[in-house]
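To start, the structure itself, in structure tokens.
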Amino acid sequence: MPFDPSSPKDRRRLRSAVEWSRKELRTFREKRQELVRKYVGAHYSDRGDHRRMPVNLMEMAINIYARQLAANNPQVMIETQNQKLKSGAADLEAELNYCLRKQKFSKTLYASVVDALFSVGIVKTGLHYEGALNEYGMENPVTKPFASCVDLDDWVHDASANHWESIAFCGHRYKVPLDYAKENEYFNQKAREDLKAYSRDDGGVYADGEKSSEIEKLSRSEGWGEDADAFEDRVELTELFLPRYRLVVTFGNEQGSSSKFLSEQQWEGPDVGPYHMLGFSPVPNNIMPLSPGSILRDLHELANSLFCKLADQAERQKTIVGYRGAASEEAERVQKAADGEMYRMDNPEAVREFKFGGADQVTMAFLIQSKDLFSYLGGNLDVLGGLGPQSETATQDKLIAAGASKRISDMQDRVVDFATEIVRSIGWYQWEDPLIDMQVPKPIPGAGRSLMIPVNAGTRKGDYYDYDITIDPYSMVHQSPASKLQMMTELFQAMVAPFVQQLSAQGIEINFESLLKKCGKYANVDMNDVLTFAGVTAPSAAGGSSHQRSMPSYTHRVNERVNRPGATTRGKDQIMMQHLLGGALQDAQAGAMTRPVG
């Protein structure tokens with residue numbers, strides 16, 4: 001039988017299924033909480049990890065991944081097969097890119113990617129109510145699309161399902177001011193009268209008996225709990241989406257299991273629903289993915305345990321001077337002698353220096369191996385994070401970086417698909433808004449400037465699903481000005497400089513003024529300070545452009561290769577491990593240890 005929201009029996013069964021699913025997901029929440037504690041270490045707050053984390057490899061890995069996956073706002077690209085809608089596609093592309101920048105979508109995307117690195121990233125999309133517009137004596141609600149992260153501690157989905165497409169429900173709990181919930185006209189009047197304030201008894205226990213989010217309490221002191229002062233009374237609500245029935249229900253967690261829902265609305269949004277999930281390593285026949293953080297956790301703990309052991313050994317190290325009983329006067333002279341001072345020793349063997357303890361060499365070699373293995377399992381984090389050269393030449397480093405990018409490319413593909421789904425939902429809300437009225441900047445190709453265009457219900461062309469919305473996969477990857485300058489230089493040398501004559505024959509001239517200004521911008525140099533740009537140059541008497549360059553018919557080029565010895569971090573680590581394990585070093589290896597990395 002179909003689900004009936006007015007049936008106390010069906011409401012009770014739904015609430016019972018939600019409670020069971022939350023208990024089934026508890027292990028995932030607890031594992032994530034432990035990972036986040038490893039990430040923040042012992043010095044973030046009273047609630048961080050209580051063990052020392054002098055080598056926080058987890059923090060390094062999470063930040064390197066996040067920088068590679070979601071450093072910038074995604075750039076929307078829109079295509080259409082209908083030639084009549086090409087201009088509409090360009091307008092919609094400009095609108096969505098403008099809206100994403102305005103609502104700072106990059107922050108939401110970055111936060112959800114970080115969540116997925118620990119466990120799973122969840123984003124909810126919908127409409128935010130901003131007031132009412134009075135037209136022709138009628139009040140119409142004014143709304144704006146939003147995308148916000150949902151914390152795993154507040155999340156629940158049908159834990160009996162094996163695939164996301166087959167879940168019976170999904171949703172999250174949240175807290176709002178009690179007076180707001182009681183005065184919300186969209187809620188059932190009788191149901192909202194039964195709402196009660198959220199209680200912090202026993203240090204913050206939710207209505208379903210589970211402790212409140214440990215993640216949100218990381219920045220609070222250990223004493224936070226029932227004695228904490230609240231600015232205002234709040235109530236805890238749960239919102240669920242039922243995909244099969246395309247229904248959204250909201251209820252108070254303090255209410256009885258068979259009590260009336262606060263609201264029950266038919267879902268009229270995008271087909272994918274309001275919730276979007278990001279995971280990196282799928283587990284067969286399971287909804288919850290395997291996170292990169294959980295893979296690297298054991299090595300992170302091992303490296304820190306070894307480092308702490310070595311630190312304790314180093315602190316216990318002692319250097320003392322021992323002497324035989326008959327050499328007390330000579331030992332006293334050694335004690336009083338200043339550094340570099342000369343004095344007579346009648347029996348040097350009677351006074352000797354002894355060392356006790358110190359860092360164990362085998363343990364040190366194991367620590368170096370653990371650090372390298374952490375980088376290896378993380379997809380060559382040293383390369384991804386730009387932590388130093390990995391080979392003797394720049395060409396080899398580029399090849400290594402290309403290989404490392406293949407490791408992370410799957411993660412980038414998943415983030416692009418995730419962001420595309422969210423952007424399509426935001427675009428749907430924008431498109432279907434009958435009251436939308438705004439001006440957005442539309443870039444003019446080749447002009448370097450934008451034109452303000454109107455966006456309203458009358459400017460729409462065709463149907464929303466006539467347009468294919470995608471994300472530029474490289475738009476979210478961080479590119480420094482130096483890397484842009486290098487890319488521009490390589491492109492000019494490879495594709496422009498060798499073909500100057502051919503380009504000129506086709507009427508294509510190099511705009512050196514624009515080129516130099518662009519290079520100066522990326523190099524952080526004001527080219528107007530070093531060059532004088534006189535404007536457009538007059539054409540030559542022959543009718544051609546004075547920019548034309550006469551190329552010699554024959555050129556002779558000599559490439560000279562100069563080998564300059566360098567060193568890499570990994571190479572030094574390997575030499576150090578060999579030495580610590582008792583292996584003899586060759587002269588070249590010993591020399592490499594003294595050379596700087598680079």
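Throughout, residue positions are numbered sequentially from 1 according to the sequence presented.
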So, do [X] and [Y] sit near enough that their side-chain heavy atoms are less than 4.5 Å apart?
X	Y	answer
Asp410	Arg414	yes
Cys149	Thr108	yes
Phe280	Leu69	yes
Glu301	Arg51	yes

Which of Asp49, Asn56, Asn304 passes side-chain hydrogen bond (donor to acceptor under 3.5 Å, both in side chains) with Lys38? It is Asp49
Side-chain donor or acceptor of Asn97 paired with backbone N/O of Val76 under 3.5 Å: yes
Any donor-acceptor N/O pair, Ser21 side chain to Val156 backbone, under 3.5 Å: no
Measuring from atom [atom1] of [X] to atom [atom2] of [Y], what distance do you get when rounded to the nearest 0.5 angstrom?
X	Y	atom1	atom2	result
Lys336	Tyr343	NZ	OH	12.5 Å
Arg47	His50	CZ	NE2	9.0 Å
Tyr323	Glu332	OH	CD	8.5 Å
Leu117	Ile64	CG	CD1	11.5 Å
Met277	Phe418	CE	CZ	9.5 Å

Could you tell me whether Lys517 atom NZ has more than 12 heavy atoms of other residues or ligands within 6.0 Å of it? yes
Examine the side chains of Gln313 and Gln317 and answer whether a donor and an acceptor come within less than 3.5 Å of each other. no
Just say parallel, tilted or perpendicular for the rings of Trp155 and Trp164, cut-offs at 30° and 60°. parallel
SB check Asp153 Arg32 (cutoff 4.0 Å): yes
Decide yes or no on side-chain contact (heavy atoms from CB on, under 4.5 Å) for Arg324 and Val351, but give the supporting numbers first. CA-CA 7 Å; Arg324 295 174 181 171; Val351 181; over 6 Å; no
Looking only at non-hydrogen atoms, find the nearest pair between Arg297 and Met58 and report the distance. CA-CE, 3.7 Å
Quick one, Cys519 with Met488, criterion side-chain contact (heavy atoms from CB on, under 4.5 Å). Give me CA distance, side-chain angles, the key distance, then yes/no. CA-CA 8 Å; Cys519 292; Met488 181 184 296; 3.7 Å; yes
